[in-house]
Amino acid sequence: AHAYHGVFGSHVGLVLRRLRRICAKYGSRPRFVCCSATIANPLQHAARLLGLAEEGLALVGAEQDGGPAGERTLAVWLPKELPPSAA
C-alpha cells in the first residue's frame, strides 16, 4: 500500500473527488476499489481519500475473498527433545 503525502497526496484526493462530482453530474455513481494489505485504518483512509463517509464504505477482508485459490496443506513437525550436550 502507498500513503500519499504532501502536495501529491492532496492532488490525488482532489482528482478523485472531482471525478466523483463529474460522474454525479451525469448520473453515474462509480465504485472505487481501494486495496491495502498493511494499512492500519483502511476505512478511514479510503473515506478521507475519496471524500466519503466511512458508513458508505464496505471493508472486504481476506476471509471474504471469493477469488479462486488452490488447496492448502498445513504440516506441523515437532522434533523430539534431545538431552543437553555435555560440551
Next item on the list: Please list, chain by chain and in numerical order, all residues satisfying side chain to side chain contact (heavy atoms under 4.5 Å, CB included) with Thr73, sequence neighbours excluded.
Entry: Glu71
Note to self: I need the Arg18 CZ to His11 NE2 distance, nearest 0.5 Å.
What the structure shows: 7.5 Å
Notebook entry, point to check: For the atom pair SG (Cys34) and CG (Leu16), what is the distance rounded to the nearest 0.5 Å?
Noted result: 7.5 Å
Margin query: Any non-hydrogen side-chain atom of Arg21 less than 4.5 Å from a side-chain atom of Lys25?
Written below: no
Note to self: Check whether Arg20 reaches the backbone of Leu50 with its side chain - one donor and one acceptor, N or O, closer than 3.5 Å.
What the structure shows: yes
Next item on the list: Count the heavy atoms of every other residue, nucleotide or ligand shown that sit under 6.0 Å from CZ of Arg17, and state whether that count exceeds 12.
Entry: yes
Check: When hydrophobic residues are tied together by side-chain contacts of less than 4.5 Å, even through go-betweens, does Leu49 share a cluster with Leu59?
Finding: yes
Note to self: Show the nearest heavy-atom pair for residues Ala47 and Ala53, with the distance to one decimal.
What the structure shows: CB-C, 4.3 Å
Item checked: Atom of Leu57, atom of Leu52 and distance for their closest heavy-atom approach -> CD2-CD1, 3.9 Å
Next item on the list: Could you list the residues that satisfy side chain to side chain contact (heavy atoms under 4.5 Å, CB included) with Tyr26, not counting sequence neighbours?
Entry: Ile22
Margin query: Quick check for you: to the nearest 0.5 Å, what is the distance between Glu55 atom CD and Leu43 atom CG?
Written below: 9.5 Å
